[in-house]
There are 2 protein chains.
Amino acid sequence: MARFCLVGPCQSDGIDPAETLAQRVVRLRKGEPLYLLGDPVATLFAIRVGTVKTHVATEDGRTQVVGFHFPGEIVGLDSIGRHQYASYATALEDTKACMIPMDALRTLAASTPALASRVFLALDRQAQRTRALQTLLALMTAEERLVTFLLWISEGQSARGFSSSEFILRMSREEIGSYIGLTLETVSRQFSRLAEYGLIRVKHRSVALVDKAGLRAIAARPAISAVPSSTSSRRAGVPHAPAQGAIPLAPEQAWAARIPPQSAGGARHTDSGVKTNPFAWETGNGQQ
Amino acid sequence: MARFCLVGPCQSDGIDPAETLAQRVVRLRKGEPLYLLGDPVATLFAIRVGTVKTHVATEDGRTQVVGFHFPGEIVGLDSIGRHQYASYATALEDTKACMIPMDALRTLAASTPALASRVFLALDRQAQRTRALQTLLALMTAEERLVTFLLWISEGQSARGFSSSEFILRMSREEIGSYIGLTLETVSRQFSRLAEYGLIRVKHRSVALVDKAGLRAIAARPAISAVPSSTSSRRAGVPHAPAQGAIPLAPEQAWAARIPPQSAGGARHTDSGVKTNPFAWETGNGQQ
DNA sequence: CGCCGAATTGATCTGACTCAAGGTAAGTGG
DNA sequence: CCACTTACCTTGAGTCAGATCAATTCGGCG
């Protein structure tokens with residue numbers, strides 16, 4: 001029933017890349033690598049069953065998880081346009097994935113704009129997620145990070161047609177911690193704390209989101225929003241009370257009420273007609 | 001003399017998109033927006049003079065800098081393939097930028113593979129930087145973050161043909177802090193500390209990197225590397241001694257000596273010939 | 001010259017890391 | 001089928017890097 005293309009639901013736009021693209025299927029058992037950092041990039045992988053993490057290694061032997069990938073998602077996108085994979089991809093459980101030969105994809109994409117735009121969409125999604133992670137890492141507390149992470153998983157689950165409020169984590173505490181910039185102990189403690197507050201139920205890797213509104217209230221606090229706020233207060237004010245009941249989300253005031261800073265772009269005076277090379281810059285004034 | 005294309009130096013591949021692409025030039029004064037989050041995406045911007053920051057706003061009124069952009073770089077790439085800009089772009093100083101109409105670019109790129117691949121390259125660079133930032137935020141200390149940041153600036157400077165060891169920062173301590181996940185006070189203190197150790201000289205926004213090798217030794221500690229290390233020690237061991245003298249970099253042992261984990265991909269058994277839709281996933285086993 | 005935003009520096013506090021000690025679940029071999 | 005191993009998770013106690021609060025000081029600019 002549920003069939004998805006690349007990352008989003010399959011709009012029946014008549015494309016069935018299966019015939020040309022799905023040359024092979026890889027089966028991996030837990031812990032086996034899909035590819036290694038530095039391997040020549042030959043294919044993308046579309047996960048059919050299982051879960052995969054992408055990760056990098058640091059000089060001092062630690063490992064940094066840079067992404068988790070679920071069925072229906074494409075692994076290897078971060079290496080598109082390079083010759084060698086920029087990360088490791090490892091199965092977190094028994095996994096089955098389709099290989100999508102890069103050259104074939106490229107060829108087909110060139111002649112099939114719809115496919116090309118799908119790839120673009122997938123890339124954009126990935127970039128979005130990374131950006132979100134950036135702000136998560138830059139300004140969220142441990143509690144906020146874990147809650148945000150759980151909500152991401154939850155979203156993914158429901159996008160895939162599974163329960164968004166009950167699921168089994170496929171990754172260890174350490175891997176979660178690595179992804180969201182915490183130690184495994186802190187992750188574990190936050191799990192316990194959230195359970196204590198009655199926001200979730202946890203038993204090892206199985207998690208139930210009990211009070212999703214309450215969770216969202218926690219995660220939304222430092223989340224990015226569409227509308228700029230003039231109060232340039234810094235990390236101030238946020239009371240550390242653990243958001244007991246379901247504090248309702250600020251309504252998605254997204255676009256309607258945009259307060260343009262700086263007199264609404266009036267400052268943007270544009271000289272038209274000028275023809276200069278946009279790929280060069282002024283060379284003048286030597287130092288600096 | 002120095003002419004750069006997109007982000008990299010201009011290999012004379014005969015492409016001069018100037019004629020078709022550089023329709024307009026925008027001039028901004030310090031603090032003026034290039035575009036706002038949510039503005040309809042119509043153009044990319046190629047910076048000719050000046051510096052631009054891209055940033056987002058959080059629910060609680062804080063601001064998070066997601067990127068700094070210098071002459072020769074393209075701003076707006078993170079919004080390619082969307083209809084509305086995903087961030088704000090604001091001039092940090094008086095700035096001149098060329099507008100590159102998206103539709104024209106798309107058209108031209110379709111017929112000029114070399115241009116298309118340049119755009120891809122630029123996208124990849126941006127993604128790389130974001131990934132690096134991700135690990136910076138996830139596992140570096142304040143000192144390591146600031147040093148890494150300074151080295152990034154330094155690299156950029158030399159890529160643009162300027163001194164890599166002396167430059168003027170175009171952004172405030174607060175903006176630096178926002179970018180690398182620290183408060184302005186911590187940034188300021190780290191500046192002072194590095195100066196104290198004789199690694200840099202600082203006077204407000206002008207910085208001189210005195211001992212670049214020493215700085216690299218600090219930054220490289222938790223930096224990602226190509227070769228995986230089996231010691232899965234956690235955040236341990238790193239003595240907090242502030243890397244006094246120029247501890248030499250571990251030689252770029254990049255590719256030569258790769259130690260393949262898991263018996264070098266031998267685990268990857270592949271069924272060929274199978275033709276399944278790579279864009280779908282198995283639906284079976286209902287729950288989970 | 002005087003104002004104001006930016007930077008520095010100090011004092012204090014605390015959230016998350018570190019070190020350490022069990023507890024639990026699943027897998028393995030006899 | 002059960003002891004034994006192993007990997008993972010939880011919880012506690014102590015510490016510290018960086019945040020927070022709070023003055024000054026510095027510089028650019030009108």
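Letters A, B, ... mirror the listed sequences (proteins, then strands); counts begin at 1.
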Take the protein atom CG of B:L184 and the nucleotide atom C1' of D:dC21, then report the distance between them rounded to whole Å. 12 Å
Roughly, in whole Å, what's the span from CD in B:E185 to P in C:dA6? 13 Å
Looking only at C:dC19, D:dG18, D:dA22, the nucleotide nearest the B:Q190 side chain is D:dG18
Can you tell me how far P of D:dT10 sits from CG of A:L194, to the nearest Å? 12 Å
Go through the structure and list residues passing side chain to side chain contact (heavy atoms under 4.5 Å, CB included) with A:A89, not counting sequence neighbours. A:L34, A:Y35, A:V52, A:T54, A:V75
Using side chain to side chain contact (heavy atoms under 4.5 Å, CB included) as the criterion, list what pairs up with B:S206, not counting sequence neighbours. B:I168, B:K203
Closest approach to the side chain of B:H204, judged atom by atom: which nucleotide of D:dT20, C:dC17, C:dA7 is it? C:dA7
Nucleotide D:dA17, atom C1' - distance to CG of B:L146 in whole Å: 15 Å
Between C:dA26 (P) and A:I168 (CD1): distance, integer Å: 10 Å
Gap between atoms CD and P, on B:E144 and D:dG18 respectively (whole Å): 9 Å
Are any protein N/O atoms closer than 3.5 Å to N/O atoms in nucleotides 5-8 of chain D? If there are, list each pair with its distance.
none

Across all chains, not counting sequence neighbours, the side chain to side chain contact (heavy atoms under 4.5 Å, CB included) partners of A:T186 are A:A142, A:L182, A:T183, A:Q190
Go nucleotide by nucleotide along DNA chain C from the 5' end; which of A:T186 and A:K203 gets its closest nucleotide reached first? A:T186
Which residues pass the side chain to side chain contact (heavy atoms under 4.5 Å, CB included) test with A:V210, not counting sequence neighbours? A:R201
Taking NZ, NE, NH1 and NH2 as the nitrogens, is one of them in B:E196 or B:R193 under 4.0 Å from a carboxylate oxygen of the other? no
Please check if the distance between the ring centroids of A:F68 and A:Y179 is under 6.0 Å. yes
Quiz item: B:R189 side-chain donor-acceptor pair to D:dT20 base, under 3.5 Å: yes
Examine D:dA17: is either OP1 or OP2 under 4.0 Å from a nitrogen or oxygen in the side chain of B:T141? Give yes or no. no
What is the distance, rounded to the nearest whole Å, between atom CE of B:M171 and atom C1' of C:dA7? 16 Å
Indicate every side-chain donor-acceptor pair of residues 146-154 of chain A with a distance under 3.5 Å to a residue at least two apart or in another chain.
unit_1 : atom_1 : unit_2 : atom_2 : d
A:T148 : OG1    : A:E144 : O      : 2.6
A:S154 : OG     : A:S164 : O      : 2.6

From CD1 of A:I200 across to P of D:dT10 the rounded distance in Å is 10 Å
Measuring to OP1 and OP2 of D:dT11, would you say a side-chain N or O of A:S192 lies under 4.0 angstrom away? yes
